[in-house]
K.L.:
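Before we start, here is the structure in question, set down as structure tokens.
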Amino acid sequence: MDCSMKGFPPYGFSIVLKFGGSIMRDLAVCKLALAELERLADKGHRILVVPGGGIPDKAIEAIDAAERLLPYTAHHACALAQDQTGYLLADAAFSSKLAPSASLGECRTLARHGKIPVLLPSRLLFAADPVEWSWDVTSDAVAAWVAWLTGASQLVILTDVDGVHRGGATDDPAALIEQIAARDLALLGHTSIDACAAQFMAMKGLPGVVINARHPARLAGWLEGRRVRATSITVGSRNAHIRNHALEGAE
């Protein structure tokens with residue numbers, strides 16, 4: 001979405017970063033990843049964090065597996081789970097720079113004052129109702145929508161694996177897809193990024209990357225244009241493009 005029109009002040013975010021809830025399973029990794037975000041913010045990157053559902057979301061999934069929940073219940077509970085994870089990430093136990101907010105306007109103000117805003121998305125999701133009430137639509141798609149809504153130029157999916165792997169073989173280094181067009185990624189179905197997010201990225205021309213929080217320096221490298229072990233998601237080409245080979249020498 002063009003956020004540079006007269007009368008519509010830009011949000012000014014260069015990156016929307018989906019912070020995967022799975023990262024919260026290892027609090028040491030979580031702290032290291034957040035420290036890297038602070039360093040990037042100190043270097044001038046304007047980052048908006050969209051939290052995943054994390055541990056609360058997994059509890060909702062378990063209940064749904066045992067006793068099928070109504071789509072309304074599951075969707076709204078999972079959106080609130082993202083809020084809970086967001087509050088945890090922004091706590092002083094993890095960071096002094098992250099700050100939670102349910103308002104995009106306040107997120108913009110926080111960023112201008114040197115903070116890294118963490119969007120608590122439930123209020124926005126309930127009001128705008130932009131995504132289908134389905135388990136196929138995850139916080140990845142919510143983050144992609146927020147990136148488009150705020151005019152961010154890139155979407156980062158920070159997770160607990162190196163990127164997108166062929167056949168879901170996350171333990172096989174040779175299976176890592178180094179670069180893939182968003183439209184081709186959507187055809188793979190649910191990987192380390194959900195297919196709805198990939199399709200949305202293709203339609204809106206939003207590039208991004210799937211990167212491992214266990215190696216947070218890779219994010220800085222990717223932003224600097226260096227070759228790192230991750231999956232870059234491209235847009236704009238009419239030719240399907242998938243690159244899959246060993247990343248010798250990459251971090």
Side-chain angles (χ1 to χ4, degrees), residues 13 15-26 29-30 33-34 37 47-64 69 71-90 94 98 100-104 107 116-150 152 154-161 163-164 182 185-186 189-204 206 208-213 219 231 233:
F13 298 113
I15 303 164
V16 165
L17 183 139
K18 187 285 184 85
F19 197 98
S22 59
I23 302 168
M24 295 290 290
R25 292 197 293 260
D26 189 326
V29 170
C30 183
L34 293 175
L37 297 188
I47 303 168
L48 174 62
V49 174
V50 176
I55 296 169
D57 187 85
K58 293 302 179 185
I60 297 163
E61 288 184 26
I63 293 170
D64 181 72
L69 299 172
Y72 174 93
T73 303
H75 172 75
H76 287 73
C78 286
L80 291 166
Q82 287 186 254
D83 286 4
Q84 292 181 62
T85 301
Y87 276 118
L88 293 174
L89 291 175
F94 294 99
L98 271 69
S101 176
S103 160
L104 286 175
C107 285
I116 301 174
V118 180
L119 179 65
L120 309 176
S122 68
R123 187 182 301 174
L124 186 60
L125 290 173
F126 297 165
D129 199 20
V131 299
E132 183 180 339
W133 299 354
S134 165
W135 289 108
D136 292 331
V137 180
T138 73
S139 51
D140 294 342
V142 172
W145 175 70
V146 170
W148 169 75
L149 187 66
T150 58
Q154 300 172 112
L155 173 66
V156 173
I157 304 293
L158 197 63
T159 186
D160 60 352
V161 296
V164 177
L185 179 57
H190 188 82
T191 60
S192 46
I193 178 173
D194 79 53
C196 294
Q199 184 177 24
F200 188 89
M201 293 170 74
M203 291 179 63
K204 300 300 184 182
L206 176 66
V209 67
V210 180
I211 206 157
N212 196 336
L219 178 55
T231 297
I233 304 168

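If you're wondering where the values come from, they're calculated on a predicted model, not measured in any experiment.
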K.L.:
Which atoms form the tightest heavy-atom contact between Trp145 and Leu125, and what is the distance?
P.N.:
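Heavy atoms of Trp145 and Leu125 come nearest at CZ3-CD2, 4.1 Å.
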K.L.:
Using modelled atom types and a 3.5 Å cut-off, is there a donor and acceptor pairing between side-chain atoms of Ser101 and backbone atoms of Leu119?
P.N.:
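The answer is no, because no donor-acceptor pair under 3.5 Å joins these two groups.
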K.L.:
Can you give the donor-acceptor pairs under 3.5 Å from side chains of residues 73-81 to other protein atoms, not counting sequence neighbours?
P.N.:
from  : atom 1 : to     : atom 2 : distance (Å)
His75 : NE2    : Trp133 : NE1    : 3.4
His76 : ND1    : Tyr72  : O      : 2.8

K.L.:
For Phe126, I'd like to know if atom CZ has over 12 heavy atoms of other residues, nucleotides or ligands within 6.0 Å.
P.N.:
yes
K.L.:
Report, one line per pair, each donor and acceptor closer than 3.5 Å where one atom sits in a side chain of residues 15-25; sequence neighbours left out.
P.N.:
from  : atom 1 : to     : atom 2 : distance (Å)
Lys18 : NZ     : Ser139 : OG     : 3.1
Lys18 : NZ     : Asp140 : OD1    : 2.5
Arg25 : NH2    : Asp160 : OD2    : 3.0

K.L.:
So, taking the atom named CG in Leu89 and the one named SG in Cys30, what distance separates them when rounded to the nearest 0.5 Å?
P.N.:
5.5 Å
K.L.:
Could you measure the distance from the CH2 atom of Trp148 to the CG atom of Leu206? Nearest 0.5 Å is fine.
P.N.:
11.0 Å
K.L.:
Just so I know, are the side chains of Val156 and Ile211 near enough to count as touching, which here means a heavy-atom distance under 4.5 Å?
P.N.:
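With C-beta onward as the side chain, the pair touches.
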K.L.:
Mark yes or no for whether Thr231, through its side chain, and Val164, through its backbone, hold a donor-acceptor pair below 3.5 Å.
P.N.:
yes
K.L.:
Sort and list the pairs that fulfil salt bridge (charged side-chain N to carboxylate O under 4.0 Å, His left out) and have at least one residue in residues 74-88, not counting sequence neighbours.
P.N.:
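Found none.
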K.L.:
Go through the structure and list residues passing side-chain hydrogen bond (donor to acceptor under 3.5 Å, both in side chains) with Asn212, not counting sequence neighbours.
P.N.:
Asp162
K.L.:
Give me the atom names and distance for the closest heavy-atom approach of Pro51 to Gln82.
P.N.:
O-NE2, 2.7 Å
K.L.:
Determine which pairs satisfy salt bridge (charged side-chain N to carboxylate O under 4.0 Å, His left out) with at least one residue from residues 116-126, sequence neighbours left out, and list them in order.
P.N.:
none
K.L.:
For Lys204, which residues count as a salt bridge (Lys or Arg N to Asp or Glu O under 4.0 Å) partner, sequence neighbours excluded?
P.N.:
none
K.L.:
According to salt bridge (Lys or Arg N to Asp or Glu O under 4.0 Å), who are the partners of Asp26, at least two apart in sequence or on a separate chain?
P.N.:
Arg214
K.L.:
After noting the C-alpha distance and the side-chain angles of Val118 and Val50, does the key distance pass the side chain to side chain contact (heavy atoms under 4.5 Å, CB included) rule?
P.N.:
CA-CA 6 Å; Val118 180; Val50 176; over 6 Å; no
K.L.:
Using every non-hydrogen atom in the two residues, find where Leu48 and Pro117 come nearest and quote the distance to one decimal.
P.N.:
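In this case the closest contact between Leu48 and Pro117 is CD1-O, 3.7 Å.
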K.L.:
Under 3.5 Å, which donor-acceptor pairs link side chains of residues 190-203 to any protein atom two or more places apart or in another chain?
P.N.:
from   : atom 1 : to     : atom 2 : distance (Å)
Thr191 : OG1    : Ile193 : N      : 3.3
Thr191 : OG1    : Ile193 : O      : 3.2
Ser192 : OG     : Gly163 : O      : 2.8
Asp194 : OD1    : Cys196 : N      : 2.9
Asp194 : OD1    : Ala197 : N      : 2.6
Asp194 : OD2    : Thr138 : N      : 3.1
Asp194 : OD2    : Thr138 : OG1    : 2.4
Asp194 : OD2    : Ala141 : N      : 3.4

K.L.:
Could you tell me the separation between the CG atom of Leu155 and the CD1 atom of Ile233, rounded to the nearest 0.5 Å?
P.N.:
7.0 Å
K.L.:
Quick one: are Ile47 and Phe13 in side-chain contact, heavy atoms under 4.5 Å?
P.N.:
no
